[in-house]
Amino acid sequence: MTEENLLYTGKAKNVYKTDNDDEVLMVYKDQATAFNGKKKEILPGKGVLNCQISALVFDYLIKNGIKTHLIKNLSDHEQLVKKTNVYPLEVVVRNITSGSLVKKFHIDEGTRLKEPIIEFYYKSDALDDPFINDSQVHALEIADKKDIAYIKEMALKINQLLIPFFDKSDFDLVDFKLEFGKVDGEIILVDEFSPDNCRLWDKTSHDSMDKDVFRKHEGDLVKTYHEVLQRLTTK
Ligand code: UDP
């Protein structure tokens, strides 16, 4: 892991080249950011917790037939993953109203939706990740129609698998963000699944157990993520 092997530095992870051209190393950082990087803090322990939570979620999805980039965890904060061409899209799935949906439509937070919503956002820090619809994704040649349909189908399938996975540990899965990549003609799930990219509410108290704790100054984020990991491994 040297500076010249660094391929990409993100807000929560660095990605490094490996000796194998088909594989890259993802290193989770302790940095927490919100509001497109405007709020930023180092929270010791966060990287390890996200790496472990994400590994648990990915392992569960893999066992249930979802193809992902995860090869294996190399340490408590490092994962060896398949190198893919990542679509510059954030694929958001929502089960319960919260966040930008509430702001946009002035609706009550915490309403269970009649059916899950899928939204695409175009990944661009400079543009602040704008909403993008299917027709724009297609016309701007970000993904073809078949790939868009497949990504949506996969996102809904992942949602159906994750709702009971989190429910078993007494969490409501409110919403989450996925990313997809293509390798050898196959679309697979990439990036991470952690409380940084989803909303988890305690089923009884409805307390946030995710990055909203940091966004809204609601308490100790590392302690919260630790409880998420503990509940996922013990319940
Ligand atoms: N999300 C994310 N990265 C982003 C934007 C959103 O991981 O750049 C996640 C966010 O944590 C939440 C879901 O996607 O679980 C929906 O986010 P929303 O559109 O409500 O935006 P927010 O209000 O969280 O910025």
Side-chain angles (χ1 to χ4, degrees), residues 1 5-29 33 36 47 50-74 77-93 116 118-127 129-162 175-198:
M1 247 183 3
N5 286 336
L6 184 65
L7 288 173
Y8 168 79
T9 181
K11 296 190 193 97
K13 295 186 292 295
N14 285 339
V15 178
Y16 294 88
K17 255 194 258 178
T18 67
D19 294 340
N20 185 336
D21 278 347
D22 301 331
E23 299 172 355
V24 292
L25 179 70
M26 260 182 11
V27 180
Y28 286 72
K29 303 199 272 198
T33 62
N36 200 16
N50 277 355
C51 182
Q52 299 193 14
I53 292 168
S54 191
L56 273 179
V57 174
F58 271 60
D59 282 345
Y60 165 78
L61 292 174
I62 293 164
K63 275 195 199 102
N64 285 281
I66 302 294
K67 297 262 169 64
T68 85
H69 71 161
L70 181 63
I71 300 169
K72 62 178 170 186
N73 271 31
L74 290 183
H77 67 292
E78 297 169 310
Q79 292 178 329
L80 188 65
V81 302
K82 281 187 199 162
K83 192 172 169 182
T84 64
N85 281 318
V86 179
Y87 293 94
L89 292 174
E90 304 203 325
V91 181
V92 168
V93 180
I118 300 191
E119 296 165 2
F120 291 130
Y121 293 87
Y122 178 60
K123 263 174 81 99
S124 162
D125 283 341
L127 300 175
D129 299 345
F131 177 87
I132 185 166
N133 72 13
D134 294 27
S135 155
Q136 290 167 326
V137 171
H138 179 238
L140 297 176
E141 298 187 79
I142 295 167
D144 66 28
K145 284 186 181 166
K146 195 161 74 36
D147 291 358
I148 299 168
Y150 187 73
I151 286 172
K152 284 172 133 180
E153 188 190 313
M154 246 180 121
L156 286 177
K157 199 165 160 196
I158 290 167
N159 187 40
Q160 287 317 311
L161 289 167
L162 291 183
D175 57 29
F176 57 89
K177 184 264 296 179
L178 303 173
E179 295 189 27
F180 292 90
K182 201 172 199 178
V183 61
D184 301 328
E186 188 172 46
I187 297 175
I188 62 176
L189 180 67
V190 302
D191 195 48
E192 67 179 269
F193 195 106
S194 74
D196 267 9
N197 347 84
C198 70

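Only this structure's heavy atoms are used, side chains among them; waters, hydrogens and symmetry mates stay out.
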message: Determine whether I142 and I132 satisfy the following criterion, side-chain contact (heavy atoms from CB on, under 4.5 Å), listing intermediate values before the conclusion.
response: CA-CA 11 Å; I142 295 167; I132 185 166; 3.6 Å; yes
message: Show, in sequence, the C-alpha distance, side-chain angles and deciding distance for T9 and K29, and conclude whether the side chain to side chain donor-acceptor pair (under 3.5 Å) test is met.
response: CA-CA 10 Å; T9 181; K29 303 199 272 198; 3.2 Å; yes
Hey, is the main chain of [Y] close enough, under 3.5 Å, to the side chain of [X] for a donor-acceptor pair?
X	Y	answer
Y60	L161	yes
N197	S194	yes
S124	D129	no
D191	L178	no

Side-chain contact test, heavy atoms from C-beta onward, threshold under 4.5 Å: evaluate it for [X] versus [Y] and give yes or no.
X	Y	result
V93	I158	no
E78	V27	yes
M26	V24	no
K182	D147	yes
K123	Y87	no
L189	F180	yes
M154	I151	no
I71	K82	yes

- line: Checking Q79, Q52, K13 against Y28 for side-chain hydrogen bond (donor to acceptor under 3.5 Å, both in side chains), the one that qualifies is Q79
Counting only heavy atoms from other residues, nucleotides and ligands, does the tally under 6.0 Å from [atom1] of [X] exceed 12?
X	atom1	answer
D59	CG	yes
Y122	OH	no
D184	CG	no
K177	NZ	yes

task: With side-chain contact (heavy atoms from CB on, under 4.5 Å) as the test, would you mind laying out the steps for H69 and V183 before giving the verdict?
output: CA-CA 9 Å; H69 71 161; V183 61; over 6 Å; no
- prompt: Does a side-chain N-to-carboxylate-O contact under 4.0 Å join D196 and K11?
  reply: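 Not counted as a salt bridge, because no side-chain N and carboxylate O are separated by less than 4.0 Å.
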query: For Y8, which residues count as a ring pair (Phe, Tyr, Trp, His ring centres under 6.0 Å) partner, sequence neighbours excluded?
result: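 Expected list: none.
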message: Applying ring pair (Phe, Tyr, Trp, His ring centres under 6.0 Å), can you list everything that pairs with Y121, at least two apart in sequence or on another chain?
response: F131
task: Please assess L61 against L162 for the test side-chain contact (heavy atoms from CB on, under 4.5 Å), listing each intermediate value before the final yes or no.
output: CA-CA 8 Å; L61 292 174; L162 291 183; 3.9 Å; yes
message: If I compare all heavy atoms of D144 with all of H138, which pair ends up nearest, and what's the gap?
response: CA-CD2, 4.0 Å
